[in-house]
Amino acid sequence: MSTSFDRIVTGTVVTTDTVLRDGFIAIRGEIIAAIGQGIPPQAAETIAMGDKLILPGLVDGHMHTSSSTGWPGIESASRCAAAGGVTTCCDMPYDVPLPVTNAALLRDKISWVERTSHVDMALYGTISKTGGVGAIAELAAGGISAFKLSTYEYDAVRFPRIDHPTMLAAFREIAKTGLPCAIHNEDQELVETLTADARAAGRTDPIMHCRTRPPLAESMADLEIFEMALETGAHVHIAHSSIARGFTLAEQFRGLGAQTTAEACIHYLCMTEADIVRLKGFGKCNPPFRTADEVARMWDCLLADKIAYISTDHAPWPRERKTLDDIFACGAGLTGLQSFAPLMFTLLNERGLSPTLMATYCAERSAKLHGLWPKKGALRVGSDADLLVLEQGDFTFDERHLVDRPEMNWSAWHGQKMCARVTATFLRGQMIWDGDAVLNQPGDGKFVPRL
Ligand SMILES: [Zn+2]
């Protein structure tokens, strides 16, 4: 039996708890076979990354490939993931024309992933507005990583509001599966009334997006879902808290015995209300950006370990849906897969924090919540050899380098200084991004069922 390895990647290895200078990752087949420091062992191929950082490939626990284009969006969004060092995407179910509400639709989406994705992908499932609770067991059996429901309705079919009695019944069923249930958390009546008032006053300018979706719209929704979590025993997860209060509430309900968690998207750790005024439609997402004081409180939550994980909520819309004069008419969602790693590294670096926090909150924690760890999100012997390689330096993020469809290649971080860039991505042992081009083929990515 040969003791040598197929491939060795040398560099500064960053795990969740340590930074190994002169480190190496040894790969056999698709799997990490050894991790060490110093002179690396023999291998068929050695790729020297110098002093670049080698992290676990990121696991984005929340993103949308198919909100605007349907499943053909899987190919182009996953290309951005490859270029961004995101090796596993957990894709949301609110797809055009139909959301993933039963086992047959799930099988169809899995076949699209396996034909078109550049990276590995886990999938969320959801329920239809009425009569959908009966499909919960078959979706779980089909391998979804989590459920997603909403307290707010964007569309009665694609993205419905689930009323309280239906949500309660759904939580009881979901509790039996042991899967988490992420919730889009905004109060319908409050947002609709404030939006109607703003329109009546002739105010459709960008800041009104923040004014019509105030923090209270989130925290009221958080309380409803957490009360039902306490009642049913289901693991209920806020899909995005833009406010520190969401994390505090999750912690308080855990103290009462509920299984409650909350997630931050990376934009809530840096963007403020001033940014939507500057960016207009390109800064519109739900929930909206908050104040600089709130961003500071979000960091306090992160450092107090109250945040389950950090995601992108990547949701690409074509430019024509982001450049309308009426902010309420613009599509809600940012692009984020390609900026995720350099931005997270930069935000940590600015605060003097270790990149080990990126391995923790953007890989291990999201993989754990989605039942993918330690196959995914880990630099451990036996894990998939999914690697993100970062070069440190002075860079400017440029949306012209995005690799989505041309009409989707815009970024809220265009022109922003960043102190890292992604110079390589490895998926199950193969280099799929070399800093310039995506090297693998559509369909090289696989569906990853919950373990
Ligand atoms: Zn989302």
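Counting starts at 1 for both ligands and their atoms, following the listed order. Along the sequence shown, residues are numbered consecutively beginning with 1.
- For Asp275 and Arg278, the salt-bridge test passes: some basic side-chain N is under 4.0 Å from an acidic carboxylate O.
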Query raised in the report: Would Lys375 and Asp384 count as a salt bridge (charged side-chain N to carboxylate O under 4.0 Å, His left out) if you check the C-alpha gap in whole Å, the side-chain angles of each, and the deciding distance to 0.1 Å?
Result: CA-CA 5 Å; Lys375 178 179 171 65; Asp384 281 1; 3.2 Å; yes
Query raised in the report: How far apart are the C-alpha atoms of His184 and Tyr154, what are their side-chain angles, what is the distance that settles it, and do they pass the ring-ring contact (aromatic ring centres under 6.0 Å, His included) test?
Result: CA-CA 11 Å; His184 182 104; Tyr154 289 93; 5.5 Å; yes
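- In Arg421, the CZ atom is crowded: over 12 heavy atoms of neighbouring residues, nucleotides or ligands sit closer than 6.0 Å.
- Around the Zn ion (ligand 1), the protein contributes the following N, O or S atoms at distances under 2.8 Å: His62 NE2, His64 NE2, Asp313 OD1.
- Open room surrounds NZ on Lys446; 12 or fewer heavy atoms of other groups in view lie less than 6.0 Å from it.
- Scanning all heavy atoms of the two residues, the minimum distance from Pro56 to Val14 falls at CD-O, 3.4 Å.
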